[in-house]
Amino acid sequence: MRYLCLLLAVLLLAGCAGAGALPEQEPAAAEGTAPETEETTQETEETTQETEEAVQAAAPVHPLQFFLDKLSTEQKVGQLFLARCPAEHAVEDISQYLLSGYILFGRDFEGQTPDSIRETLESYQTAPGLPLLIAVDEEGGTVCRVSCWSAFRDTRFASPRSLYDSGGMEAVIAAEAEKAALLAGLGINVNMAPVCDIAEAPGAFMYSRSLGQGPDITSEFVRRTVEAMAGSRVGSVLKHFPGYGENADTHTGFARDTRTLEQLEGWDLIPFQAGIDAGCGAVLVEHTIVDAFDPELPASLSPEVHRYLREEMGFRGVVVTDDLQMQAITDAYGPEEAAVLAVLAGNDLLCCTEYQVQYQAVLEAVQSGRIPMETLDAAVLRVLTWKQNLGLLF
């Protein structure tokens, strides 16, 4: 499929080259010729319009736009789903739903070896469809999907917090570079990290997973982690936007953040901006209701949160939902409505487990016009661009 993509791009460029000739210029009028008449003026205007149309036709078309135009609506919808890898029928589901990718959990590495997991992931990548995002959460500390198994590393990666406490920033970044190299060597091209959250209270949900420092040092950690991962061509995902702070765990229920926008901008949002400025390809949005943006909807389903991320922070990459299976979402919305609302809010990728029913719900929302085709196309183009930047397309 990668070679087909390349062939399509070459054909496109060849077609553009052949369509680039402009109409020949009329010779300049000699001195003393008769003044322009209404007919000659009209002819000039028509020639100008034809020339402008020819220039537009000859303008280069981004190969990804051309490729996007060749996808069916069903195929486009599939590209919105970063699905939890199923225990069965993983290869078949790639083809059936044209999934954008799989996110792997600890169970997917149990009993495996580096060779066997590479073989498994290659079978996913060679299934009919587009090249896949293959993602894991390998943060270190309590969240290690790969290094928790001794077949892949003698000891699990320590948390950034403990590494910083014992060895400073250089120890943290050395571990991040090692993680990226390990994942890339297995065929994993996305790590759902770094954690940009700032949590100082020991009882906070994100305490053990955060660096444990203020916004300036956390920003350095985020920036250098993004750069280290890019060195191995592993995509990074800033999480959990706009920052958990000291709030409760949305895996197990409802959480509300009552801080002001000024408080968020002066603290939690600073590391996210550092990651965006460093060129991170994706931002994951969490499920807390953040009053400063939207007192009604979880951040992941709020158009205002996504507007702020795009317009105020200048993010142009892929926006990803946190897992739509988390209780903060399932308690208030069914899986189908949650998926539709997530797309309408401005997410480009949906992290989900129930992708079969959610795929159908999003497809029907597009077909009915509830989700505009322009919204779908913009999301898919951002996903394809990220895949291209990771070396998965052409």
Side-chain angles (χ1 to χ4, degrees), residues 1-13 15-16 56-57 59-83 94 97-102 125 129-135 189-190 230 233 235-238 241 276 279-285 300 303 305-311 313-321 339-352 355 358-359 362-363 365-367 369-394:
M1 191 63 192
R2 294 189 184 93
Y3 302 109
L4 175 60
C5 294
L6 180 59
L7 176 61
L8 289 172
V10 170
L11 292 174
L12 169 65
L13 294 175
C16 288
Q56 291 176 0
V61 179
H62 196 293
L64 291 181
Q65 181 63 53
F66 174 81
F67 187 72
L68 176 71
D69 293 341
K70 298 300 181 183
L71 297 179
S72 67
T73 300
E74 291 79 4
Q75 291 170 324
K76 291 176 182 178
V77 169
Q79 286 300 291
L80 302 181
F81 288 89
L82 182 62
I94 293 167
Y97 300 101
L98 198 74
L99 296 170
S100 200
Y102 278 140
Q125 289 288 17
L130 300 182
L132 299 170
L133 299 170
I134 302 293
N189 49 50
V190 173
R233 216 160 191 178
S236 48
V237 182
L238 308 180
F241 187 83
I276 291 170
C280 186
V283 172
L284 180 145
V285 184
S300 56
V305 169
H306 292 75
R307 184 207 65 77
Y308 184 91
L309 178 59
R310 296 288 190 200
E311 297 181 13
M313 301 187 72
F315 183 60
R316 299 291 176 264
V318 171
V319 180
V320 191
T321 69
V340 172
L341 290 175
V343 177
L344 289 172
N347 294 285
D348 306 307
L349 275 177
L350 312 183
C351 283
C352 56
Y355 57 87
Q358 290 171 321
Y359 168 89
V362 172
L363 176 60
V366 172
Q367 292 171 334
R370 184 182 178 192
I371 296 176
M373 184 59 71
E374 293 80 6
T375 299
L376 176 63
D377 283 351
V380 175
L381 190 57
R382 284 189 287 265
V383 171
L384 294 177
T385 300
W386 193 29
K387 289 186 174 185
Q388 183 185 44
N389 292 341
L390 292 174
L392 300 177
L393 296 176
F394 333 128

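Positions are given from 1, in the same order as the sequence printed here. Side chains are part of it too, since the values below use all heavy atoms of this structure and drop only hydrogens, waters and symmetry mates.
Taking CG from Leu64 and OG1 from Thr385, the interatomic distance works out to 5.0 Å, rounded to the nearest 0.5 Å. Interatomic distance, OG of Ser100 versus CG of Leu384, reported as 7.5 Å (0.5 Å rounding). Here Gln388 contributes atom CD and Leu381 contributes atom CG; the two are 9.5 Å apart, rounded to the nearest 0.5 Å. If you take CG on Leu284 and OG1 on Thr321, they are separated by 6.5 Å, rounding to the nearest 0.5 Å.
Put simply, the side chain of Val340 reaches to within 4.5 Å of the side chain of Arg370, judged on heavy atoms. Within the 4.5 Å cutoff, the side chain of Leu133 has heavy atoms near those of the Leu349 side chain. The closest side-chain heavy-atom distance from Arg382 to Trp386 is not below 4.5 Å. Taking the side chain as every heavy atom from C-beta outward, Met373 and Thr73 approach each other to under 4.5 Å. By the 4.5 Å heavy-atom criterion applied to side chains, Val343 and Leu376 are not counted as neighbours. Inter-residue side-chain proximity for Phe241 and Val319 is flagged as unmet; no heavy-atom pair is nearer than 4.5 Å.
Side chain of Arg310 to backbone of Gly317: a donor-acceptor contact under 3.5 angstrom is found.
For the side chain to side chain contact (heavy atoms under 4.5 Å, CB included) test with Glu74, the passing option among Leu98, Leu363, Val366 is Leu363; the others fail. Each of Asp348, Asp377, Asp69 was compared with Lys76 under the salt bridge (Lys or Arg N to Asp or Glu O under 4.0 Å) criterion, and only Asp377 meets it.
Annotation for Pro131 and Leu392: closest pair CG-O, 3.1 Å, computed over non-hydrogen atoms. Pairing each heavy atom of Ser300 with each of Ala345, the nearest pair is O-CB, 4.0 Å. Closest of all the heavy-atom pairs between Leu99 and Gln79 is O-NE2, 3.5 Å. In terms of heavy-atom proximity, Leu132 sits nearest to Asn189 at O-ND2, 3.1 Å. Across every non-hydrogen atom of Val380 and Leu80, the tightest pair is CG2-CD2, 4.1 Å. Considering all non-hydrogen atoms of both residues, Asn347 and Ala342 come closest at ND2-O, 2.8 Å.
Checked against ring-ring contact (aromatic ring centres under 6.0 Å, His included), Phe315 has no partners two or more places apart in sequence or in another chain.
For Phe81 and Tyr97, the gap between ring centers reaches or exceeds 6.0 Å.
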